Participant: 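Sharing a structure, written as structure tokens. Questions coming.
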Amino acid sequence: MIAIVANGEDFVRQGFVTKDGWRIDFDHVYVTLDNVKAYQTEPAFDADNDQTIQAKALVSLIQEPTTVDLAEGGADANPIKVTEKEGNAGFYNALSWEVVTPETGDLNSAIVLQGTAKKDGETVNFTLNLDQPLAYKCGEYVGDVRKGFLQADSQTELEATFHFDHIFGDAEAAMDDAINTGAVGFGPMAELANNGTLNVDLATLKQELSAEEYQTLEKAIVGLGHVGEGHCQETAN
């Protein structure tokens, strides 16, 4: 069996401080996945250089929009198991997936971030509706352990990872680190709050943020998808 899990990492489960000093704690991080496929490839797919996944075996793990809450569970919760499917034995060393707008339910954005942000005695309760369709092609999972090896009558795991620090930055990193220079932070969004409440979509952010801030945000959203620390190629934009 091949299980697919979705992971927002500790930033989502435990909270963090943005590059501009806002303490972020998430209540919900909804992401809607679709068309998730696992591949055995030859040669290996390099997301930085290759355009095509040359698959010798393929398993469709998700075939219709499926919403998960990456913030579900406690601070030490495991990544969210979405589903599992049977597959032929071998090394599944590539993964592709889409982030889409839900077709049913109360959510109307591909990504919805809900939580609180605090700084210098100010609290902002926020809902960010990031309705940006995304599509990723990724190579092998990169992390402390290797994933994707499936033996007969056994199981393995593949992971779609989302790096939300790309949007907000990370106070624990140097300010000239790429994670901060490429992040918009939370401050520009906090300025749009009304009586401690911020509920915005991308159309509003495009109108209210500076052109440079919005371009930084757009690029950060596109760069959310990873396989662990492994890079993915975004193909929808």
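Note that the structure is a prediction, hence the values are computed from the model and not measured.
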Participant: Closest approach of Gly182 and Thr216, non-hydrogen atoms and distance?
Facilitator: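 What the structure gives for the nearest pair is O-CG2, 3.4 Å.
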Participant: Any heavy-atom pair between the side chains of Phe186 and Phe126 that's under 4.5 Å?
Facilitator: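 Result yes, sub-4.5 Å side-chain heavy-atom pair found.
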Participant: May I ask you to decide if Val142's main-chain N or O and Glu229's side chain share a donor-acceptor pair within less than 3.5 Å?
Facilitator: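 The answer is no, because no donor-acceptor pair under 3.5 Å joins these two groups.
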Participant: Determine whether Ile53 and Ile4 fall in the same hydrophobic cluster, where Ile, Leu, Val, Met, Phe, Trp and Tyr are linked whenever their side-chain heavy atoms lie under 4.5 Å apart.
Facilitator: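 No, Ile53 and Ile4 fall in different hydrophobic clusters.
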Participant: Sub-3.5 Å donor-acceptor pair from the side chain of Asn93 to the main-chain atoms of Glu140, do we have one?
Facilitator: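 Not a single qualifying donor-acceptor pair exists.
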Participant: Testing Val31, Leu113, Asn7 one by one against Leu70 for a side chain to side chain contact (heavy atoms under 4.5 Å, CB included), which residue passes?
Facilitator: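 Among Val31, Leu113, Asn7, the one that satisfies the side chain to side chain contact (heavy atoms under 4.5 Å, CB included) with Leu70 is Val31.
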Participant: Report the residue from Thr32, Ile111, Asp34 that forms a side chain to side chain contact (heavy atoms under 4.5 Å, CB included) with Val99.
Facilitator: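 Of the listed residues Thr32, Ile111, Asp34, the side chain to side chain contact (heavy atoms under 4.5 Å, CB included) partner of Val99 is Ile111.
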Participant: Could you verify whether a donor N or O on one side chain and an acceptor N or O on the other, from Asp131 and Thr101, lie under 3.5 Å apart?
Facilitator: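 Side-chain D/A pair, Asp131 to Thr101: present.
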Participant: Does any part of the side chain of Thr116, heavy atoms only, come nearer than 4.5 Å to the side chain of Ile24, both counted from C-beta?
Facilitator: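 No; the side chains remain at least 4.5 Å from each other.
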Participant: To check you understand the geometry: which heavy-atom pair defines the closest contact between Met175 and Thr181, and what is its length?
Facilitator: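 For Met175 and Thr181, the tightest heavy-atom pair comes out as O-CG2, 3.6 Å.
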Participant: Does NZ in Lys118 sit with more than 12 non-hydrogen atoms of other residues, nucleotides or ligands closer than 6.0 Å?
Facilitator: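 No.
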Participant: Does Phe16 offer a backbone N or O that forms a donor-acceptor pair with the side chain of Thr18 under 3.5 Å?
Facilitator: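 No, Thr18 side chain to Phe16 backbone: no donor-acceptor pair under 3.5 Å.
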Participant: Restricting to non-hydrogen atoms, name the atom on Leu130 and the atom on Ser109 that form the minimum distance, rounded to 0.1 Å.
Facilitator: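 What the structure gives for the nearest pair is N-CB, 4.0 Å.
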Participant: Treating Gln233 as the side-chain partner and Ala47 as the backbone partner, does any N or O pair qualify as donor plus acceptor under 3.5 Å?
Facilitator: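 A pair under 3.5 Å: yes.
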Participant: Under 6.0 Å from the CG atom of Asp48, do we count more than 12 heavy atoms belonging to anything else shown?
Facilitator: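 Yes, because the 6.0 Å sphere around CG of Asp48 holds more than 12 heavy atoms from other groups.
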Participant: With side chain to side chain donor-acceptor pair (under 3.5 Å) as the test, would you mind laying out the steps for Thr197 and Asn194 before giving the verdict?
Facilitator: CA-CA 5 Å; Thr197 299; Asn194 184 15; over 6 Å; no
Participant: Describe, in one word, how the ring planes of Trp97 and Tyr136 are oriented to each other, choosing from parallel (under 30°), tilted (30 to 60°) and perpendicular (over 60°).
Facilitator: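 Because their plane-to-plane angle lies in the 30° to 60° range, the rings of Trp97 and Tyr136 count as tilted.
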Participant: In the structure I gave you, are the side-chain heavy atoms of Tyr92 and Leu150 within less than 4.5 Å of one another anywhere?
Facilitator: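 Side-chain contact under 4.5 Å: yes.
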Participant: Is it true that, when you exclude Lys219 itself, more than 12 heavy atoms of the residues, nucleotides or ligands shown sit nearer than 6.0 Å to its NZ?
Facilitator: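 Check fails, neighbour count at 12 or below.
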Participant: Mark yes or no for whether Glu42, through its side chain, and Gln54, through its backbone, hold a donor-acceptor pair below 3.5 Å.
Facilitator: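 Side chain of Glu42 to backbone of Gln54: no pair is present.
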Participant: Minimum heavy-atom separation for Gly223 and His166, please, with both atom names.
Facilitator: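 Closest approach of Gly223 to His166, heavy atoms only: O-ND1, 3.4 Å.
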Participant: Might you point out which heavy atoms bring Leu33 and Ala6 nearest each other, and give the distance in Å?
Facilitator: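 Minimum heavy-atom contact is CD1-CB, 4.3 Å.
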Participant: Parallel under 30°, tilted from 30 to 60°, perpendicular over 60°: which one fits the rings of Phe164 and Phe26?
Facilitator: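 Taking Phe26 first and then Phe164, their aromatic rings sit tilted (interplane angle of 30° to 60°).
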Participant: Just by modelled atom types, is the Ile62 backbone N or O under 3.5 Å from a matching donor or acceptor in the Ser60 side chain?
Facilitator: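 Pair absent, no side-chain N/O of Ser60 close to backbone of Ile62.
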Participant: Set out, in order, the CA-CA distance, both residues' side-chain angles and the distance that settles side-chain contact (heavy atoms from CB on, under 4.5 Å) for Phe11 and Asp170, then state yes or no.
Facilitator: CA-CA 9 Å; Phe11 291 102; Asp170 180 3; 3.7 Å; yes
Participant: Ignoring hydrogens and angles, tell me if any N or O in the side chain of Lys137 forms a donor-acceptor pair with the backbone of Leu95 under 3.5 Å.
Facilitator: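 No, the answer is negative, given that no donor and acceptor are paired below the 3.5 Å cut-off.
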Participant: Counting only N and O atoms by type, is there a donor-acceptor contact under 3.5 Å from the side chain of Lys37 to the main-chain atoms of Leu58?
Facilitator: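 Side chain of Lys37 to backbone of Leu58, a donor-acceptor pair under 3.5 Å: no, none is there.
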Participant: Which distance, rounded to the nearest 0.5 Å, do you find between the CD of Glu84 and the CE of Met1?
Facilitator: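 So the gap between those two atoms works out to 4.0 Å.
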Participant: Do Glu212 and Ser210 have a side chain donor and acceptor closer than 3.5 Å?
Facilitator: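 No, no side-chain donor-acceptor pair sits under 3.5 Å.
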Participant: Taking atom CD of Gln14 as the centre, report whether more than 12 heavy atoms of other residues, nucleotides or ligands fall under 6.0 Å from it.
Facilitator: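 Atom CD in Gln14 is crowded, with more than 12 foreign heavy atoms closer than 6.0 Å.
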Participant: Can you tell me how far apart CZ (Phe162) and CD (Glu9) are? Round to the nearest 0.5 Å.
Facilitator: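 One gets 11.0 Å once the value is rounded to the nearest 0.5 Å.
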Participant: Using modelled atom types and a 3.5 Å cut-off, is there a donor and acceptor pairing between side-chain atoms of Gln40 and backbone atoms of Ala89?
Facilitator: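 Checked: pair present.
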Participant: Between the main-chain N or O of Lys19 and the side-chain N or O of Asn180, is there a donor-acceptor pair closer than 3.5 Å?
Facilitator: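 Side chain of Asn180 to backbone of Lys19, a donor-acceptor pair under 3.5 Å: no, none is there.
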Participant: In terms of side-chain heavy atoms, does Asn35 have a donor or acceptor partner in Glu98 at a distance below 3.5 Å?
Facilitator: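 Distance-only check passes for Asn35 and Glu98.
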Participant: If you compare all heavy atoms of Ala75 against all heavy atoms of Asp10, which two are closest, and at what distance to 0.1 Å?
Facilitator: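 That would be O-OD1, 4.5 Å.
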Participant: Distance only, no hydrogens: is a donor on one side chain within 3.5 Å (strictly under) of an acceptor on the other, for Asn49 and Asp46?
Facilitator: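 Yes, a side-chain donor-acceptor pair sits under 3.5 Å.
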Participant: Under 4.5 Å between any side-chain heavy atoms of Asp69 and Ile80, yes or no?
Facilitator: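 No; the side chains remain at least 4.5 Å from each other.
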Participant: Would you say that Ile2 contacts Leu61 through its side chain, given a criterion of any heavy-atom pair below 4.5 Å between the two side chains?
Facilitator: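 They are in side-chain contact.
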